[in-house]
Amino acid sequence: MSIPSKYDAKQVESKWYDYWMKNNYFHSTPDEREPYTIVIPPPNVTGVLHMGHMLNNTIQDVLIRRARLLGKNACWVPGTDHASIATEAKVVAKLKEQGIDKNDLTREEFLKHAWEWTEEYGGVILEQLKKLGCSCDWDRTKFTMDDDMSEAVIKVFVDLHEKGLIYRGYRMVNWDPEAKTTLSDEEVIHEERQGLLYYLNYKIEGSKDTLTIATTRPETIFGDTAICINPNDERFSHLKGKNAIVPICNRVIPIIEDEYVDVEFGTGCLKVTPAHDENDKILGDKHKLEVVDIFNEDASLNSFGMQFEGQDRFVARKAVAKLLEETGVLAKTETHVNKVGTSERTKAVIEPRLSDQWFLKMEELVKPAIKAVLGEDSEINLFPKKFENTYRHWMENIRDWNISRQLLWGQQIPAYFYGDGKEDFVVAENKEEALVKAQEKTGNTALKTGDLKQDTDALDTWFSSWLWPMSVFDGIRNPENEDIKYYYPTNDLVTGPDILFFWVARMIISGYEYKGEKPFNNVYLTGLVRDKQRRKMSKSLGNSPDALKLIEEYSADGVRVGLLLSSAAGNDLMFDEALCQQGKGLGNKLWSALYLTTIWSVEDIEQPNSSKIAIEWFESKFQKALMEIEDHFGKYRLSDALMAIYKLIYDDFCGWLLEMVKPAYQQPIDKKTYNSVMSIFEDNLKIVHPFMPFLTEEIWHQISERTPEEALIISKWPETKPVNESLISEFDFASEVISGIRNIRKQKNIPFKDAIGFSIINNEKTTTTFDEVIAKLGNLGSVDYVTETVDGALTFRVKSNEYFVPMGGRIDVDAEIKKLSDELNYTEGFLKSVQKKLSNERFVAGAPEQVIANERKKESDALAKIETLKTSLASLQ
RNA sequence: UGAGGUAUAGCUCAGUGGUAAGAGCAUCACGCUUACAUCGUGAAAGUCAUAGGUUCGACUCCUAUUGCCUCAACCA
């Protein structure tokens, strides 16, 4: 068999992905095996793969592939999200480029454009996931706007409405003036902004007095309907019951009193604009104030803005301030830092706005979801655990969820109006049912479908994705079907903490409401991918590498390993391409190990004892590593698991085992050793496979011809067997001896090919198990056990054993003496600290027996070593 | 402002009430020894943030301080 000495990732990766697909390994159907299920966090349908997705999906693929190897029925459901606001914004922008205004289109026309867009770009990201090696069950690919998915959403809306949990209300909501839609509280990002605090003088009616008010938004004075002071503030007691006059528009407004006002802040009095501030709205309701809305839907001023009508709020802010300054109303300005709400999607500054919207009552719904995560007997685990606090805080302070959006792209709200009154509507799954309900409600049998007008708003995207773990298995429409019964609850969910509330918490809520059961067992929360300087990766910074280019350069396997090398759950990942290089390096290492085994000629000859021991040792070492790896997986410490594997391959397998069994140049290898090594190699491939699926599958098939039933992807994870601990510790000792030999060779520039003599004073009474291995790796001409110090030799010590490499007297006696004295000094210092401890009566009385025994052992070891060192020193001097 | 997290080698991070503190990468030195220079061997590198306390013993537990991160929040 001859293989290329260099690994060609590009060609190999596409070959094996096609092979896996052709053999349907990713596809899952319910059977008698234990299921292992993951639903993908659906990326935006028109999105492209970024580093966050790569990390996220690599983790999912590692978990899925491992589960598959463990013999579970692994099912990873992929799909995309219609992402209403983001997608609609993109479509609107594209139409604008073509000179088309969204407002000139009918709903149907717009949706046609949106679907075209979705079909053009949708699924690109899924193709990219294939390049990464993701073993999703593509036959199950779902889209949140698929007919069946939408049907489920509507069904749930109707159901929740019937339960009285969905209601329509006139409320202060977050208005995105750019997208011209409302947003949920979670879609608003509070950003710190440097702004100005304007001090304005308001005249008092029937008086020469003025009152100074501090505001950050002078343009909202047109909406002022009161001034508020604190009743306990004596500075303003003379103003109680009086009226103030709004500058520019000269409207007369009352001065009201409320303890809400902070006496310390600004001037201690507040202008109240109930239409444009949540707190002002509360104050307004309490004091029954008039509500004056001064903005259009794009946040330009309306006719209440007088001469400023039509100006954008920020333009108007400056213009109004200027006029106020000219008319002497503006007393002064100060710089002021405050938090401004911005739209997660459009970045526009959010305008609090009063409007009719649909809400979901959360108070009762969250209860089981809180218990599921936080209780003593919690059913859902968050990794890392610290997010439980965040979760608790949010869930316990939850407010009703605004689920309506003034968008077209999404599920249209199934409310049908038959009149102009606020209550003149029914909620139904379709128009026909709506008609029946409307007729019943009104008693008017003459109503026709044509009289019904469906609400024009669409539902928040998250109102569809919160059903994802159920709806992908058709569990809402058809709750008794085989799939939902088999796959739900799913096992692990892998996602970023940024959507813990948007999505994770809400899936838990809906899971309990609709299945009476949790949607998943474990939630693995990944960190953000940042660059080396800890900056977030973003388009605007241009610091995000192109995912596909990375794969091209380092191979998918290399990138996967690179991403996972340093990504503890919940910790941000400082991404550096050097990590991918490291991943690629691991691939190269494995490939060259394969190459080595292919150039061996295997013959029926006797097995050297060194090989026999080497194999026994590695088998134990492998088992020990396997246990460690299992433990890491159990705790979702994937990077630790990967590092353990990395070291096993690099150090133990390639660095030690292959060196130990490697035959001399052009010499054959015995069959027994060869077979054992290949079997060990295969076990290694199995545990690397979840991380590096392509390369391992390729090597697997290079090692021998395999049928599709024998592919690595569906092989069996190695079984755990007992570990021979003493063999491992004997080798640890032996490896120190080998290091000592290498050190001496290095110091004296003795080439490896020159065999050297070697003598041992075996104070430790170690076994001779590894002597042949030591002889081979140290290229020792002879190994002699002696009792007396060897003169004219270089020496080193492991514990109290002393080793000699005869140099025919060519040694630097002074240097040797110095080396020995340093070692002696160190050991004596160490001994002293141990003895200090042991002579402390309270330590001996208080410490556990095992600890004291350890200290005594340290003491005797140190004493023995000191003895050795002293003898050697004496013989040198 | 509040809550939580975190502080260990140049970098990214493990770590345990009882080993004069570990890994990977990076660095440096030497080496093209016959799988791999995408490599090997070796070396150097830490007052475990600061100050107190508990303890026979603290990097580990407690308190305070400082820095950084995240989340939450209506101070106009």
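Each chain gets a letter, A, B and so on, in the order the sequences are listed, and its residues count up from 1.
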Within less than 4.0 Å of OP1 or OP2 of [N], is there a side-chain N or O belonging to [X]?
| X | N | answer |
| --- | --- | --- |
| A:R530 | B:U70 | yes |
| A:K385 | B:G5 | no |
| A:Y646 | B:C25 | yes |
| A:R637 | B:G15 | yes |
| A:K339 | B:G2 | no |
| A:K662 | B:A35 | yes |
| A:T390 | B:A72 | no |
| A:H336 | B:A76 | yes |

Sticking with atom [atom1], work out how far [N] lies from [M], rounded to a whole angstrom.
| N | M | atom1 | value |
| --- | --- | --- | --- |
| B:C68 | B:G24 | C1' | 24 Å |
| B:A26 | B:C39 | P | 8 Å |
| B:C61 | B:G18 | C1' | 14 Å |
| B:C36 | B:A43 | P | 25 Å |
| B:A9 | B:A49 | P | 8 Å |

When both hydrogen-bonding distances must be under 3.5 Å and the geometry is Watson-Crick or G-U wobble, what is [N] paired with, if anything?
| N | value |
| --- | --- |
| B:A20 | none |
| B:U70 | B:A3 |
| B:C39 | B:G31 |
| B:G52 | B:C62 |
| B:A14 | none |

Remember a base hit wins even if backbone is also touched, and classify [X] as base, sugar-phosphate or nothing at under 4.0 Å, heavy atoms.
| X | answer |
| --- | --- |
| A:E278 | nothing |
| A:Q666 | nothing |
| A:C654 | base |
| A:Y595 | sugar-phosphate |
| A:S739 | sugar-phosphate |
| A:K271 | nothing |
| A:E659 | base |
| A:K589 | base |
| A:N854 | nothing |
| A:A593 | base |
| A:Y650 | sugar-phosphate |
| A:G829 | base |
| A:P848 | base |
| A:D262 | base |

- Measure the shortest side-chain to side-chain distance between A:D822 and A:K818 over non-hydrogen atoms and say whether it is less than 4.5 angstrom. yes

- Less than 4.5 Å apart, any side-chain heavy atom of A:N232 and any of A:V263? no

- Pair of N/O donor and acceptor under 3.5 Å linking B:C75 base with A:Y260 side chain: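 Not at all, since no donor on one side and acceptor on the other fall under 3.5 Å apart.
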
Ignoring hydrogens and geometry, is there a side-chain-to-backbone donor-acceptor pair from [X] to [Y] under 3.5 Å?
| X | Y | answer |
| --- | --- | --- |
| A:K584 | A:Y554 | no |
| A:S555 | A:G558 | yes |
| A:E187 | A:S184 | yes |
| A:N543 | A:K536 | yes |

- Message: By nearest heavy atom, map A:Y665 and A:L573 onto RNA chain B; which one lands nearer the 5' end?
- Response: A:L573

- Note on the structure: Whichever of A:D185 and A:V261 has the more 5' nearest nucleotide on RNA chain B, that residue is A:D185

- Exceeds 12 heavy-atom contacts within 6.0 angstrom, atom NZ of A:K858: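 Enclosed.
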
- Please lay out, stage by stage, how A:F222 and A:V292 fare under the test side-chain contact (heavy atoms from CB on, under 4.5 Å). CA-CA 8 Å; A:F222 303 110; A:V292 178; over 6 Å; no

